[in-house]
Number of protein chains: 2
Amino acid sequence: MLKKTERLSLVEQVVIQIEHLIESGHWQIGDHLPAEMQLMKEFDVSRNTLREAIRALVHAGLLETKQGSGTIVKSSSAFGVALHRQVEKSSIMETLEVRLALEREAAQLAAIRRDDVDLEAMTECIQLCKSASEKGDVQEFIQADILFHKAMVKASHNMMLERLYEHITEPLQSSIEEVMVADDYFNYSKEIHYELLEAIKKQDVHAAISYVNQYINDFREKIKRIQED
Amino acid sequence: MLKKTERLSLVEQVVIQIEHLIESGHWQIGDHLPAEMQLMKEFDVSRNTLREAIRALVHAGLLETKQGSGTIVKSSSAFGVALHRQVEKSSIMETLEVRLALEREAAQLAAIRRDDVDLEAMTECIQLCKSASEKGDVQEFIQADILFHKAMVKASHNMMLERLYEHITEPLQSSIEEVMVADDYFNYSKEIHYELLEAIKKQDVHAAISYVNQYINDFREKIKRIQED
DNA sequence: CTAAGTCCAATCATCCTACAACTTTTCAAA
DNA sequence: TTTGAAAAGTTGTAGGATGATTGGACTTAG
């Protein structure tokens, strides 16, 4: 079998270079890119070629151009943008169901695969929850709560699961906050998270799934109640 | 709150039009687009503007251009392409775990929400499985099997779940076939699918989840065994 | 000094023409 | 029929010109 000869067009080469510069953090989110004229010289391509490359990345959601002002970095993950757009097309309930599906799988895998680093990270998040709870700081509590969930997903040692969860949770954040603030989730989740962590620590898969199902169903009920108002 | 004034650039307008023409099926996958010269006239824009629009869609994976030949439609879903790329970056096992997470959630939701149309569709798929099995046609059986799973996911009445499942299953297809052909999955899945359908018909959520877990774990074992060879 | 308005330079948006590189078709010669 | 060269059609790249928008510098009236 012969390898298909593949010449990358100049545009595609420039696109790849810019993507790398963004992914590597050389251009951070919010940064201004150099002007077209300068980029032309740096990449040694014509204006058209450069503009086609930039336009491709603008449409992908990585860049944003504003006439008269310049081009800035908007995001560092094309996949995140694509998922974000899909979430926007869907209802909150639909998205939440997908997120919970991932979370349930993550809990199961985490209970099997978690290592000491994972357990330490999760324990730390729970302590953050606790201290925020004692201070009565709702916002800080919510942030710590989300961090705990992310730590659990990370403990599943499945990068794809982690990325999906991350990019689906992001646009849901405001809805999550709404539910938590409106209800008495504050005290409730404190305990169940601790028990969930214990189950994962003991590698008790069934218990872990059971706890996740508990707060998933509870969360679902709360959403329904709020949406009915 | 004032509405953000939003002037869409000519390029973006052309992009949207082309996207619509593809989504609506006016240009099918594999079709050649008209040449640049003609599209310039039809959209009434300059060559640069048109080319930037096309380039954006090429990078998104909807189109493919070949110098000297033309431009063809490659895919109808930008989200599908993005997901596909993500899957390619991940291992088969990782992807499978995500897919199974979705399938488990789908089974649960389907057991709750399925309507008569869903049940009919699933029954039909099972009969296809059966007839393929009797004929001994492995390929046809696999296709029918996948159709059954998709029908179940559809019965969850969650569009986002359905799309995710669809686009994740697609690039996995060859791996799935490999497992099924290599092992004795042929006879095994015939029975468990029937029982799963019965559980969903009776709206027995626990039984449905249980059956899904059964063949999920079985499938996982088979994959492991094959990968070790 | 402050605040409002004006002007200007920088920047992206669009259009135009020209040529190069590649592919497909056509057609004539072997 | 097969081969190969020519021709026509298509996308790729380059460079220049003008318009539209923005943000900051500057000016001026209070």
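Just so it is clear, the values below take in all heavy atoms, side chains as well, and ignore hydrogens, waters and symmetry mates. Every chain is numbered from 1, with letters handed out A, B, ... down the list of sequences.
- Distance alone, capped at 3.5 Å, places no donor-acceptor pair between the Glu36(B) side chain and the Arg51(B) backbone.
- Here Glu64(A) does not pair with Arg55(A) in a salt bridge; the nearest charged N to carboxylate O distance is not below 4.0 Å.
- In this structure, the side chains of Arg163(B) and Ser90(A) stay at 4.5 Å or more apart for every pair of heavy atoms.
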Between N or O atoms, less than 3.5 Å apart, protein on one side and nucleotides 23-26 of chain D on the other: list the pairs.
none

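- Of the charged side-chain nitrogens involved, at least one lies within less than 4.0 Å of a carboxylate oxygen, so that Glu97(A) and Arg220(A) count as a salt-bridged pair.
- A distance-only check finds no donor-acceptor pair linking the side chain of Thr49(A) to the backbone of Val45(A) [under 3.5 Å].
- For Leu10(B), counting side-chain heavy atoms from C-beta on, the closest listed nucleotide (dT14(C), dA13(C), dT13(D)) is dT14(C).
- Taking atom NZ on Lys41(A) and atom C1' on dT11(C), their separation rounds to 14 Å, with Å as the unit.
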Check nucleotides 16-19 of chain D against the protein and report each pair of N or O atoms closer than 3.5 Å, with its distance, or say if there are none.
residue: dG19(D); atom: N2; partner: Gln67(A); partner atom: OE1; Å: 3.0

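- A straight line from CG of Asp44(A) to C1' of dG15(D) spans 14 Å, rounded to a whole angstrom.
- Rounded to whole Å, atom C1' of dC16(C) lies 15 Å from atom CG of Leu50(B).
- In summary, Glu120(B) and Lys154(B) do not engage in a salt bridge, as defined by a charged side-chain N under 4.0 Å from a carboxylate O.
- In summary, the aromatic rings of His193(A) and Tyr215(A) are positioned with their centroids under 6.0 Å apart.
- Whole-Å rounding puts the Arg51(B) CZ to dC16(C) C1' distance at 15 Å.
- Taking only side-chain atoms of Ser46(B), from C-beta outward, the nucleotide of dG12(D), dC12(C), dC15(C) with the closest atom is dC15(C).
- Distance NE2 (His32(B)) to C1' (dT10(D)): 11 Å, rounded to an integer number of Å.
- Few gaps surround CD on Glu170(A); more than 12 heavy atoms of other groups in view lie less than 6.0 Å from it.
- Applying the 4.0 Å criterion to OP1 and OP2 of dC15(C), one finds that Thr49(B) has a side-chain N or O inside that range.
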